[in-house]
Asks: 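The structure's right below; bear with me while I get my questions together.
What's counted below: heavy atoms across the whole structure, side chains too, no hydrogens, waters or symmetry copies. Small disclaimer: the values here were computed from a predicted structure and weren't measured.
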Amino acid sequence: MATQNPHPRSTVRISPLLILTFLSIFFTPTSSRSPAKIPYSKHCNSVIQESTSNGHEIEPLDFLQVHGGFFKGGEKFLSSQTPNSLSYSYYQKSARFYTNSLYQTDTEGVLKVHATLTFNDGRAYELMQNSSSPKWRRRRQRSFYDGSETGVRFELEGFWSASAGKLCMVGTGYGLSEEGDYVPLSAVTKLNYPKRSDINTSIVTGTVESIEQEDSSGYFSPISVLGFSQKKYSYSPVEEIEAKCGGGDPKGEKSLGLEPGTSVCSVLSPLVRKGFELNYGSDCSGKKCSPFDGFGPKYMSFGGIQCSSEGKQMRMYVRFSNLSYAWYGDPLTPETGLVAEGVWDEEKNQLCVVGCRLKNFEGSLAETHVGDCSVGLSLTFPKVWSLNMRSPAVGSIWTLKKSNDRIGFQSLGQPILVSELKYNYTESGQVKNSCAKKDRRRKSGDTFPDGSSFTDMRFDMSLKTKSGRAWGYATPLSIGETIFDPYSSVLISSSILESSAVITTSSSIPESNTTALLANSNHNLLNVSYSIYVSFWGGNTSETMQISAEGVYDSETGTLCMVGCRSLGRDGERTVKNVALDCKVLININFAPYNSEAREHLKGTIKSTRKEKDPLHFEELELSSHDIYGIEAKETIWRMDCEIAMVLISLTLACVFNGLQLYYVKKHPDVIPSISIVMLVVLTLGHMIPLVLNFEALFFRNRNQQNFMLWSGGWLEANEVLVRVVTMVAFLLQFRLLQFTFSARLAEGSKKNLWDAEKKATWVCLSLYLFGGLVAWLVHSNQFKDIVSPVISVAKSHHDIWEDLKSFAGLVLDGFLLPQILLNLFWDSKGMALAPSYYGGTTLVRSLPHAYDAYRAHKSLPYLNSTYIYADPGWDLYSAAWDVIIPCGGLLFAFLIFLQQRFGGAVVLPRRFRQSAEYEKVPVVDV
């Protein structure tokens with residue numbers, strides 16, 4: 001009888017939710033707890049009187065957003081210097097301010113604002129890289145963009161007055177200490193943010209001050225903030241800006257215009273990320289012509305771009321630096337930045353911009369204001385490209401006070417996608433003379449790319465020199481009259497190749513050279529231009545080489561001959577004074593024919609035609625590529641689709657034959673103990689190992705092979721899952737058969753002779769397996785390479801002993817019937833333990849890959865290393881000899897099983913060695 005609780009109401013029931021709440025409070029780090037709420041009136045009423053919200057929320061959108069924020073101060077939690085060791089701009093000093101929510105108040109023109117303010121100085125990233133403490137290791141796992149690794153972060157609340165153009169907020173947050181701890185902070189933020197802005201009021205300034213005492217752990221020095229306003233903007237009159245631009249092409253015939261209805265911002269946006277490279281003339285040193293005293297920048301970038309409603313006027317800020325990598329959100333550094341506005345001149349097809357310097361930033365950024373607007377900038381989009389000019393946008397910068405001193409610049413971004421863009425080939429005659437003696441004879445039946453495919457003409461490459469190795473890639477810019485976007489392989493030019501011979505000449509090529517070139521081409525020569533990038537490595541240094549090349553491609557022989565101009569120096573530094581390009585480069589490339597047996601897609605050289613004593617001479621580069629053509633990739637995908645289908649068919653048949661054997665033993669349970677356990681273990685492992693050893697290895701994963709995944713549209717990955725599922729089903733059925741057999745054998749414990757026969761068969765099998773493994777090791781180590789014939793050698797593609805042993809394991813699996821034959825022999829069994837459909841069908845499944853391998857070798861189907869899915873040499877022995885030996889051996893074993901189950905296990909022995917042994921059952925006497 002159960003005992004009742006004498007005090008039922010006194011029982012304490014603890015809610016699981018209460019426990020979770022207690023644990024979350026208890027285990028929350030004290031450093032992450034925010035301090036008490038800061039009273040607004042005490043710190044901000046002198047700026048904007050506190051008002052009461054009426055509860056009406058407004059969509060914040062980009063309200064009071066600060067673009068390109070920069071800051072100074074904040075020592076103790078923020079570094080006073082910009083990290084120079086980091087090349088990526090999002091690790092530079094930056095400030096971000098964005099509105100979370102916005103409410104109307106009872107006071108007209110005053111809005112209540114909830115916002116987030118973050119400061120990042122790059123120090124958090126440096127500390128993560130340099131520190132080995134567990135805290136910093138945890139920091140590395142967090143995303144930079146979630147704000148958890150910024151130097152200082154605040155959640156603010158306050159009011160903005162439209163009439164005063166001021167914002168005052170208070171709030172709490174945290175700062176990241178050098179030890180990696182989050183320290184609670186409290187601050188008051190005051191920003192000057194007018195309701196409307198123009199060129200003279202286009203910046204946002206302000207301060208962030210700590211509310212805590214100087215001796216407090218959360219105290220930080222005052223932070224001054226500068227940013228680019230994103231509020232409503234009033235543009236200057238178009239005539240004033242165009243009058244300051246001057247120059248350019250009066251009729252705009254050499255530049256691309258904007259399509260009707262196109263905004264200039266949409267055209268500039270693709271160029272912003274790469275930025276622009278500055279080119280100083282021979283009579284203009286960097287510091288002399290620079291808009292900034294004592295600083296000669298190498299690169300320029302735009303930020304905060306906004307356009308008027310009609311898209312012809314724009315505003316932005318301009319950054320100058322020595323970093324080639326630009327980002328749209330790079331901070332507006334006052335020492336090297338301009339605020340600017342511009343207008344698109346439709347008559348001249350150019351963008352005219354007037355820039356204004358920033359003044360009084362030596363102390364606090366809160367005192368910064370827009371100074372004189374004496375910097376002019378013009379930008380055009382060239383209509384015709386050539387070997388020496390391939391920039392999608394070019395222009396110049398000058399000081400309006402000294403308009404003769406100009407700095408040229410060119411974009412580092414991708415081409416402008418318009419159909420009017422053309423390419424002017426200027427070096428066809430020189431290429432003809434350089435490559436005339438290097439003609440390549442075409443073999444009968446060879447076909448090469450015809451030049452119409454961007455994919456076939458683009459290639460990655462590895463390069464070899466006397467001093468080391470390098471890697472790179474070559475991207476076609478134009479083929480004939482067709483121009484490609486090198487970043488997306490999209491056709492830019494609307495002129496499609498109409499014939500196999502498209503030789504476009506220019507006025508700089510002598511007519512005699514052009515005629516000779518056309519006469520020799522037999523309508524197979526194509527003008528081409530390339531962009532080539534090479535990266536060298538060795539030791540602790542790395543160098544790069546960028547080459548603009550153009551020449552002729554012969555689609556009949558697959559030869560590509562080009563002359564190139566390589567950019568000199570790095571980050572704008574020239575190795576030879578006043579020399580920006582070295583155009584004494586010769587490039588010879590031989591493409592491989594389609595379906596070539598060679599494993600290299602192409603071979604070639606890049607060499608300098610200068611004398612060895614010339615300072616611009618460089619040693620010859622031998623290049624090769626293992627990329628494949630697009631048509632071969634499609635054929636390979638087709639072949640792999642067929643192989644996947646064969647894998648699925650084979651696995652399905654294995655499931656069917658295992659199911660038939662399970663059905664057979666259920667109808668004849670007396671034959672189960674006579675099945676070889678070793679045989680079933682071998683077959684079970686054959687299905688289990690691919691599942692355990694990461695079956696994805698059967699589906700290639702390196703960079704070249706990932707291209708096949710793209711060509712297949714994800715079909716291979718989908719089939720991989722299906723293959724896994726069917727393999728698992730086959731494994732479970734085989735394992736179930738093993739379980740039945742082992743259980744039945746244990747139940748037949750009185751038949752000791754059966755276990756003895758199993759042990760003998762096991763020892764013989766293990767001895768044969770060990771001997772075979774030893775032979776595989778000896779062959780791998782070349783201990784008797786002159787003795788062992790190719791018939792019993794392992795696959796040539798194996799590189800280590802593990803690969804050889806895996807192939808030998810496949811041979812063991814092919815001979816899966818050997819343990820059953822030995823068990824029948826030692827037991828002299830006359831029972832029909834295996835269904836004919838099982839041992840015959842499984843033998844067929846093991847023989848099919850070898851039949852397919854023979855067919856694949858005979859048909860020379862396209863393949864790459866490690867792209868086998870069916871009949872993979874890494875999992876069995878495949879060669880012309882093995883493809884005959886293994887199926888014949890499997891059929892022989894199946895025939896022996898048939899004889900043994902019909903005439904007895906000893907039938908495989910000669911007659912004089914057979915022994916007649918009969919086993920009689922001992923009668924059991926009932927008691």
Side-chain angles (χ1 to χ4, degrees), residues 654 657-658 661-662 664-665 669-692 730-749 751-776 805-836 838-843 845-846 875-877 886 889-901 904-909:
F657 296 143
N658 282 328
Q661 179 66 16
L662 286 171
Y664 175 77
V665 297
D670 55 307
V671 304
I672 298 180
S674 301
I675 301 176
S676 171
I677 294 178
V678 177
M679 178 193 69
L680 297 180
V681 169
V682 169
L683 291 173
T684 303
L685 291 176
H687 292 300
M688 182 185 72
I689 291 177
L691 295 173
V692 175
F731 164 73
L732 293 176
L733 291 174
Q734 191 69 58
F735 184 78
R736 182 60 173 167
L737 182 59
L738 173 62
Q739 182 186 21
F740 274 164
T741 303
F742 191 76
S743 300
R745 185 72 63 82
L746 291 178
E748 295 284 340
K751 294 185 177 180
K752 183 175 180 300
N753 292 335
L754 183 58
W755 281 106
D756 292 339
E758 184 75 54
K759 291 178 181 178
K760 292 178 182 179
T762 302
W763 280 111
V764 172
C765 290
L766 290 178
S767 300
L768 292 175
Y769 296 159
L770 290 175
F771 176 76
L774 178 62
V775 171
L805 291 179
K806 283 201 306 181
S807 297
F808 175 72
L811 180 63
V812 172
L813 192 59
D814 291 330
F816 72 98
L817 287 176
L818 177 62
Q820 184 66 49
I821 293 174
L822 293 175
L823 177 64
N824 292 341
L825 174 63
F826 293 126
W827 177 241
D828 195 19
S829 172
K830 295 182 181 179
M832 193 173 176
L834 302 180
Y838 179 69
Y839 66 81
T842 307
T843 300
V845 169
R846 295 302 307 173
W875 292 88
D876 208 337
L877 296 176
I886 291 177
L891 292 176
L892 176 61
F893 282 1
F895 180 68
L896 292 178
I897 290 292
F898 171 76
L899 293 178
Q900 286 182 327
Q901 294 189 156
V907 73
V908 298
L909 295 176

Asks: I need the Leu813 CG to Arg846 CZ distance, nearest 0.5 Å.
Replies: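 Going from the CG atom of Leu813 to the CZ atom of Arg846 covers 4.0 Å.
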Asks: Looking at side-chain heavy atoms only, is the closest gap between Leu877 and Asp814 below 4.5 Å?
Replies: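 The answer is no; the side chains never approach within 4.5 Å.
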Asks: Go through the structure and list residues passing side chain to side chain contact (heavy atoms under 4.5 Å, CB included) with Ala730, not counting sequence neighbours.
Replies: Cys655, His687
Asks: Give a yes or no on whether Tyr664 atom OH has more than 12 heavy-atom contacts from other residues, nucleotides or ligands under 6.0 Å away.
Replies: yes
Asks: Can you list the residues that meet the side chain to side chain contact (heavy atoms under 4.5 Å, CB included) rule with Ala894, with sequence neighbours excluded?
Replies: Leu817, Tyr839, Thr843
Asks: For Pro819 and Gly815, work out which heavy atoms get closest and say how close.
Replies: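 That closest heavy-atom pairing would be CD-O, 4.0 Å.
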Asks: Can you tell me how far CG of Leu662 sits from CZ of Phe657, rounded to the nearest 0.5 angstrom?
Replies: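 Those atoms lie 14.0 Å apart.
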Asks: If I compare all heavy atoms of Asp876 with all of Leu811, which pair ends up nearest, and what's the gap?
Replies: OD1-N, 3.5 Å
Asks: Could you tell me the separation between the CG atom of Leu737 and the CG atom of Asn658, rounded to the nearest 0.5 Å?
Replies: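 The CG atom of Leu737 sits 6.5 Å away from the CG atom of Asn658.
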Asks: Measure across Leu754 and Pro673 and return the closest heavy-atom pair with its distance rounded to 0.1 Å.
Replies: CD2-O, 3.5 Å
Asks: Can you check whether Ile675's main-chain N or O pairs, donor with acceptor, with Arg745's side chain at less than 3.5 Å?
Replies: yes
Asks: Can you find a heavy atom in the side chain of Met679 that is under 4.5 Å from one in the side chain of Leu834?
Replies: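 A side-chain contact under 4.5 Å exists here.
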Asks: Nearest 0.5 Å, please: how far is CD1 in Ile886 from CG in Leu891?
Replies: 12.0 Å
Asks: So, using side-chain hydrogen bond (donor to acceptor under 3.5 Å, both in side chains) as the criterion, who are the partners of Gln901 when residues are at least two apart?
Replies: none
Asks: Trp755 and Phe742: which non-hydrogen atoms are nearest, and at how many Å?
Replies: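 Where Trp755 meets Phe742 most closely, the heavy atoms are CH2-CE1, 4.3 Å.
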Asks: List, one per line, each side-chain donor-acceptor pair under 3.5 Å for residues 759-776, sequence neighbours excluded.
Replies:
| residue | atom | partner | partner atom | Å |
| --- | --- | --- | --- | --- |
| Thr762 | OG1 | Glu758 | O | 2.7 |
| Ser767 | OG | Trp763 | O | 2.8 |

Asks: Between Gln820 (side chain only) and Ser674 (backbone N and O only), is there a donor and an acceptor less than 3.5 Å apart?
Replies: yes
Asks: Taking only residues two or more places apart in sequence, or in another chain, which ones meet Phe740 in a ring pair (Phe, Tyr, Trp, His ring centres under 6.0 Å)?
Replies: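 If we apply the ring pair (Phe, Tyr, Trp, His ring centres under 6.0 Å) test to Phe740, skipping adjacent residues, there are no hits.
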Asks: Quick one: side chain to side chain contact (heavy atoms under 4.5 Å, CB included) partners of Thr684, sequence neighbours excluded?
Replies: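 Phe731, Gln734, Phe735, Leu738.
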